[in-house]
Amino acid sequence: VISRFPLLVSVAVLTITALVRGIPQHVLPRVAAGSIAAAPIVAWPPAVAGRQAQNSPFLYKGSDGWRRPFAPEALREWAAAVQHHTPGAVDESLRTIAEWPYARLAGAIADADAIGTIVRQRRGQPDPRASSIRIRGYQAALSEALELLQLSPDAAAALDLTGLFKRAAALHTDIAVAKWTTTASADEWTESSMASYHLGIANAIVDRLRVDGHASFARLWYRATAALLHSRHEVLAQPVFLESTLAITRDDPGVLLMAGALRELLASPRMEVAPLSARSVSRQAHLREAERLYRRVLEVDGGSAEARVRLARVLVHLDRPQAASDLLSGVRVEGRNPTAYFVHLVRGEADEALGRLDAARHSYLEALAMYPNAQSGALAVSHLARRQGERDAATRPIVQMLESARSPADDPWTGYFVAGDGERAEALLAALWAALQEEGDDRP
Amino acid sequence: MTGPSMRMLALLTVAVAATVAGSTDASHAQRPTFSSSVEAVHVDVLVTRGGRPVPGLVAADFELLDNGVPQSVTLVSYDRLPLNVLMALDRSGSVAPRFERVRRAAEQLLDQLRPGDRAAAILFNDTVASGSALTDDLARVRRVIRQANPSGGTALVDAVYSGLVVGETFVGRTLSIVFTDGVDTSSFLDRRKVVAIGTRTDVVLYTVSVGPAAERAFLRDLVTSTGGRVVELASPERLGETFVEILSEFRQRYLLTYTPDGVSRSGWHPIEVRVKQRGLSVQARPGYWAGSS
């Protein structure tokens with residue numbers, strides 16, 4: 001369960017950690033809810049008063065008084081890592097920040113966020129957290145803050161934190177990816193939790209950038225990150241995150257296909273043993289939503305064979321096999337590829353449901369001929385034969401399957417629940433970081 | 001021929017002959033082809049008192065109702081019949097910490113097999129594979145088990161189905177032991193379809209897990225349909241002992257055989273098995289399907 005739903009676990013762990021350590025819960029990234037943008041980030045060092053307060057360039061407002069910045073030295077180190085990190089690379093900066101404990105990281109991020117608010121105030125931009133920060137004097141506070149962030153002279157002069165925050169989003173996204181792709185170890189659980197936390201930080205930064213007018217960057221980031229979550233079957237975080245991504249990308253077919261495939265996954269039998277929160281919507285409701293999403297893809301791109309075959313499968317599972325059969329009747333199968341394989345397989349399922357067993361067997365055999373080592377094809381052929389009481393015909397493909405040397409990659413079914421953009425998550429991330437690099441280097 | 005329309009009279013003849021003669025040759029017979037219009041049904045029955053198998057019962061001790069209609073049964077004890085033993089072992093990544101114990105348990109079970117018994121190991125993660133079909137070359141089966149390394153996801157439902165199909169490939173009684181402790185993450189087949197096949201097979205299926213089985217509902221439905229049992233262990237220490245106990249229990253089951261009389265020939269046949277002595281528990285499949293679906 002932990003490996004399947006690390007985002008949920010992450011949030012749970014961070015929440016428990018927060019309660020134990022007395023950290024205000026609202027500072028935690030709300031990745032699982034997909035709405036981190038609204039989460040105010042404040043700090044939690046001890047309240048201060050008198051001379052100490054006067055010596056601090058700026059103070060946060062906490063529930064029990066005003067507090068100093070959490071960790072200026074941590075912020076300085078964080079900013080240096082952000083400035084030196086190459087997006088998409090596993091470099092020294094990434095390794096340094098990836099090793100940080102939660103408290104140090106949270107403090108630096110809280111301080112960076114506060115500086116962002118100060119800058120916004122200075123630039124005359126509205127900020128909902130403005131009243132939570134008291135500044136000793138704008139100029140002194142800004143000078144000290146910008147020095148901590150190690151901005152280039154031009155960026156500092158223009159009070160432009162955009163480049164810094166974009167690179168910060170890249171750094172924390174890259175850390176999440178690096179932690180997720182780390183091979184299984186005794187620390188997998190912790191690593192996965194921290195990966196989710198880093199992704200939450202990136203999400204918060206990107207949403208701030210989006211509000212500040214960098215919608216294009218936000219769109220690319222959401223699309224790539226949604227693809228990343230999708231390719232990892234993050235079933236708890238995905239639904240809300242994909243909703244946000246769909247809204248931002250305006251019904252991009254690649255995102256719609258991911259959203260549909262997720263609904264198919266949530267409706268699949270394997271989710272019967274998933275945590276209750278993943279099953280709060282009925283199987284039928286998930287299937288109907290998948291149908292809506294795939295029909296939307298076909299409205300946008302009527303030639304999408306992938307959307308057509310996925311929609312047909314959904315219709316079979318909604319007990320509308322004739323509609324599925326009709327939908328596939330016009331689909332021409334060309335070449336050897338997963339979509340062509342599923343056309344045969346789903347056509348077989350529709351025929352089987354309609355009682356056209358010979359036609360179903362023919363379709364299953366066509367699928368198996370296309371991918372002879374596909375476990376799903378062998379099972380489909382065998383099960384239909386066994387249903388009909390033909391033991392020998394049921395046994396042959398299974399024996400052949402058991403005795404052949406295969407890998408999951410031989411079977412298109414293995415990747416069925418990853419669709420659309422999910423199949424190119426890494427490429428999308430790479431394109432995002434390349435676009436970031438092309439924007440120019442404003443580092444000091 | 002369909003599954004639990006069963007193996008008909010020819011199997012009974014072969015089984016009885018083997019028992020009487022004390023021979024193991026019966027297991028080497030080719031699968032018989034039946035042309036007779038008279039079909040025999042056999043029902044695998046476990047009788048226990050206080051959880052322990054009860055030996056020494058005779059046909060007259062049993063009552064069997066097919067569709068509520070009493071049937072005339074004959075009885076064969078398995079004790080001297082060669083067995084087909086099929087182990088479906090979860091080798092997904094989640095099993096890694098205890099896979100060595102699973103491996104040893106499987107080998108302990110192989111140690112208990114007798115000349116003429118056959119075995120096979122189906123190892124599954126995302127893929128379902130076996131190094132050999134059912135074979136009496138047990139050294140080969142050991143090699144398959146020793147070479148397996150845990151990794152990847154879990155295609156439990158597909159593995160169970162494959163085991164049921166392979167278990168039918170030879171004449172003789174087949175015990176299938178499924179070890180798993182994970183959630184199915186990658187199967188193609190639907191659970192309900194596989195449970196339905198369970199009602200059409202003669203394979204008796206036991207499942208073993210450490211802790212509560214993640215797929216408890218599926219496994220319970222499955223063992224109920226085949227007349228087997230779900231075993232949930234508190235810790236992996238007793239895995240080997242448990243595998244051997246299951247084999248021993250299976251050897252002490254009874255085979256009731258009858259030719260359906262006074263009931264329709266196709267469709268679902270609910271059956272009820274009773275023992276006349278008091279204080280005994282009876283475990284048997286709840287029914288069987290006749291004819292194709």
Side-chain angles (χ1 to χ4, degrees), chain A residues 1-5 183-184 186 188 233 235 265 268-275 317 345 349 352 355 357 373-380 382-417, chain B residues 1-3 5 31 93-94 96-97 120-134 151-159 161-169 182-194 196-197 200-201 213-218 289-293:
Chain A
V1 170
I2 288 166
S3 65
R4 301 286 307 156
F5 310 111
T183 52
E188 185 181 14
H233 297 305
V235 294
L265 175 64
S268 71
R270 67 184 65 175
M271 294 307 298
E272 287 171 14
V273 289
H317 287 264
L345 210 59
E349 287 182 323
E352 189 175 346
L357 302 188
N373 282 332
Q375 191 164 291
S376 54
L379 289 163
S382 169
H383 183 266
L384 178 59
R386 190 64 187 79
R387 249 192 82 181
Q388 295 178 280
E390 299 174 21
R391 284 191 181 183
D392 289 342
T395 304
R396 269 194 304 276
I398 296 300
V399 170
Q400 209 164 13
M401 175 188 95
L402 291 174
E403 294 182 351
S404 64
R406 289 164 297 121
S407 77
D410 292 329
D411 187 352
W413 172 252
T414 305
Y416 180 78
F417 292 108
Chain B
M1 275 301 299
T2 59
S5 58
R31 168 174 290 286
S94 63
I122 289 178
L123 291 134
F124 62 95
N125 50 9
D126 296 298
T127 58
V128 184
S130 170
S132 74
L134 278 165
S151 65
T154 309
L156 169 68
V157 179
D158 291 351
Y161 172 79
S162 303
L164 292 175
V165 171
V166 170
E168 295 177 326
T169 53
V183 176
D184 193 312
T185 59
S186 43
S187 281
F188 172 72
L189 290 177
D190 186 273
R191 288 169 175 77
R192 285 163 300 181
K193 288 182 173 180
V194 175
I197 295 298
R200 296 172 171 278
T201 179
E215 296 277 357
R216 183 180 270 176
F218 166 64
W289 278 96
S292 61
S293 58

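Reminder, nothing fancy here: chain letters follow the sequence lines and each chain counts from 1.
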query = Hey, what's the ring geometry for Phe417(A) with Trp413(A), parallel, tilted or perpendicular (30° and 60° as the breaks)?
reply = perpendicular
Which atoms of [X] come close to chain B, meaning under 4.5 Å heavy atom to heavy atom: side chain ones, backbone ones, both, or neither?
X: Thr414(A); result: neither
X: Gln375(A); result: side chain
X: Leu379(A); result: both
X: Glu349(A); result: side chain
X: Ala378(A); result: neither
X: Leu384(A); result: neither

Quick check on the interface: out of [options], who has the most heavy-atom pairs with chain A under 4.5 Å?
options: Asn125(B), Val157(B), Val194(B), Thr127(B); value: Thr127(B)
options: Ser151(B), Ala133(B), Ala129(B), Ala217(B); value: Ala129(B)
options: Asp158(B), Val128(B), Leu164(B); value: Val128(B)

Distance, nearest 0.5 Å, that separates CG of Asp190(B) from CZ of Phe218(B) = 9.5 Å
Distance (rounded to the nearest 0.5 Å) between His383(A) NE2 and Ile197(B) CD1 =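 Reported value, rounded in 0.5 Å steps: 4.0 Å.
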Chain A contact via [X] - side chain, backbone, both or neither, heavy atoms under 4.5 Å:
X: Leu123(B); value: neither
X: Ala155(B); value: side chain
X: Val166(B); value: side chain

inquiry  = Walk me through whether Glu215(B) and Arg191(B) qualify under side-chain contact (heavy atoms from CB on, under 4.5 Å).
reply    = CA-CA 10 Å; Glu215(B) 296 277 357; Arg191(B) 288 169 175 77; 2.8 Å; yes
If we ignore angles and hydrogens, is there a donor and acceptor under 3.5 Å between the side chains of [X] and [Y]?
X: Ser382(A); Y: Tyr161(B); answer: yes
X: Asp184(B); Y: Ser186(B); answer: no
X: Thr201(B); Y: Glu168(B); answer: yes

key: Main-chain N/O of Phe188(B) paired with Ser376(A) side-chain donor or acceptor, under 3.5 Å   =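 Side chain of Ser376(A) to backbone of Phe188(B), a donor-acceptor pair under 3.5 Å: no, none is there.
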